[in-house]
Amino acid sequence: MASRPSWDEYFMGLAEEVAKRATCDRGRAGCIIVKEKRIMATGYVGSPPGLPHCDEVGHLLRRVIDEDGAERQHCVRTTHAEQNAICQAARYGIALEGATLYCKMEPCRVCAMLIISVGIRRVVARRRYHAAQDTREMFRQAGIELAVLEDAVEQYDSQ
């Protein structure tokens, strides 16, 4: 007899299902925001409504140079899954104070600032993000619990 998944495993599995709607094949990330074991909002990587998607017209890549001099490519056509989930909650008047956010990898710096600003108290990520040092420090300062299920850095094309 199979054992039931933990709540974190259950909601992470649903976030991975949401990711199937993503319209940028570099990340295919999904996000679920949960409060008291109830889904409050979902989001996936995609362009704002009415704008072209990566899957339709290609990526809009920008070169980013890290402090250590390493060059990376970042697609700026899309909104991150975490941002889309927070926007959906805002659009429908859903308060996120005290909620838990489930996502594919540790949030980027901008997503982390939004997460802090809306009062989310816990973040569960499947894997690490290569540029999450600022996120970890901001979460620490803000008292947000960060749980990473797999201690491996998420890899994606043109990283």
Side-chain angles (χ1 to χ4, degrees), residues 5 8-35 38-67 70-97 99-120 122-136 138-139 144 146-150 152-159:
D8 282 350
E9 292 166 339
Y10 172 71
F11 288 121
M12 186 60 72
L14 293 176
E16 290 166 353
E17 192 66 25
V18 169
K20 293 177 181 178
R21 290 281 306 156
T23 62
C24 181
D25 65 3
R26 290 184 74 237
R28 292 268 186 246
C31 174
I32 290 186
I33 302 174
V34 175
K35 191 172 181 179
R38 301 283 182 253
I39 297 170
M40 308 306 291
T42 66
Y44 52 83
V45 172
S47 298
L51 298 182
H53 295 288
C54 295
D55 290 353
E56 300 166 345
V57 298
H59 300 291
L60 184 57
L61 295 175
R62 294 289 189 260
R63 184 173 58 126
V64 177
I65 302 174
D66 293 339
E67 285 185 21
E71 284 191 31
R72 302 186 185 279
Q73 294 289 317
H74 188 73
C75 183
V76 297
R77 185 177 304 286
T78 59
T79 305
H80 293 180
E82 300 90 336
Q83 294 165 359
N84 275 326
I86 290 168
C87 287
Q88 285 300 310
R91 176 177 261 179
Y92 295 106
I94 300 168
L96 301 177
E97 184 76 34
T100 297
L101 182 144
Y102 292 86
C103 53
K104 182 176 186 175
M105 61 185 129
E106 293 170 296
C108 72
R109 188 177 204 287
V110 172
C111 288
M113 289 188 289
L114 293 173
I115 288 165
I116 293 165
S117 295
V118 300
I120 290 170
R122 183 170 183 255
V123 174
V124 180
R126 170 67 67 199
R127 292 184 194 91
R128 300 237 174 250
Y129 174 51
H130 70 271
Q133 297 81 3
D134 286 350
T135 294
R136 290 181 208 123
M138 286 189 297
F139 282 178
I144 294 174
L146 173 63
V148 179
L149 301 180
E150 298 174 18
V153 175
E154 180 69 22
Q155 299 293 320
Y156 48 90
D157 290 341
S158 302
Q159 187 173 356

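These numbers come from the heavy atoms of this one structure, side chains and all, not from hydrogens, waters or symmetry mates.
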Using the rule given for side chain to side chain contact (heavy atoms under 4.5 Å, CB included), can you reason through R136 versus L146, listing the C-alpha separation, both sets of side-chain angles and the distance that settles it, and then say yes or no?
CA-CA 8 Å; R136 290 181 208 123; L146 173 63; 4.0 Å; yes
Under 3.5 Å: donor-acceptor pair, side chain of K35, backbone of L96:
no
Donor-acceptor pair, distance only, cut-off 3.5 Å: does the side chain of R28 make one with the backbone of A22?
yes
Least distance between heavy atoms, C103 atom then V123 atom:
SG-CG1, 4.0 Å
Atom pair NE2 (H74) and CZ (R62), whose distance is rounded to the nearest 0.5 Å:
10.5 Å
Do you know which two heavy atoms are closest between A15 and I32, and how far apart they sit?
N-CD1, 3.3 Å
First locate atom CZ of R126, then atom CD of E16, and finally report the distance between them rounded to the nearest 0.5 Å.
4.0 Å
Distance col, row T135:OG1 vs M113:CE, nearest 0.5 angstrom, shows 8.5 Å
Report yes if the side chains of Q73 and R26 come closer than 4.5 Å at any heavy-atom pair, otherwise no.
yes
Apply side chain to side chain contact (heavy atoms under 4.5 Å, CB included) to C31 and L101, showing your working.
CA-CA 7 Å; C31 174; L101 182 144; 3.5 Å; yes
Are the side chain of T78 and the backbone of V45 linked by a donor-acceptor contact shorter than 3.5 Å?
no
How far does CD1 of I115 sit from CD of Q83, to the nearest 0.5 angstrom?
9.0 Å
Rounded distance [0.5 Å steps], CD1 in I94 versus CD1 in I39:
11.5 Å
So, using side-chain hydrogen bond (donor to acceptor under 3.5 Å, both in side chains) as the criterion, who are the partners of Q88 when residues are at least two apart?
none
Indicate yes or no for a side-chain donor-acceptor contact from T23 to the backbone of C54 under 3.5 Å, with no hydrogens or angles considered.
no
Tightest non-hydrogen contact, residues A112 and M138, listed as CB-CE, 3.6 Å
To check you understand the geometry: which heavy-atom pair defines the closest contact between I120 and A99, and what is its length?
CG2-O, 3.3 Å
How would you list, by chain and number, every residue that makes a side-chain hydrogen bond (donor to acceptor under 3.5 Å, both in side chains) with R128, sequence neighbours excluded?
E106, D151
CZ/R21 to OG1/T42 distance, rounded to the nearest 0.5 angstrom?
10.0 Å
Within the side chain of R77, is there an N or O that forms a donor-acceptor pair under 3.5 Å with the backbone of G58?
yes
Measure across A29 and A81 and return the closest heavy-atom pair with its distance rounded to 0.1 Å.
O-CB, 3.7 Å
Heavy-atom closest pair, residues A147 and R122
CB-NH2, 4.2 Å
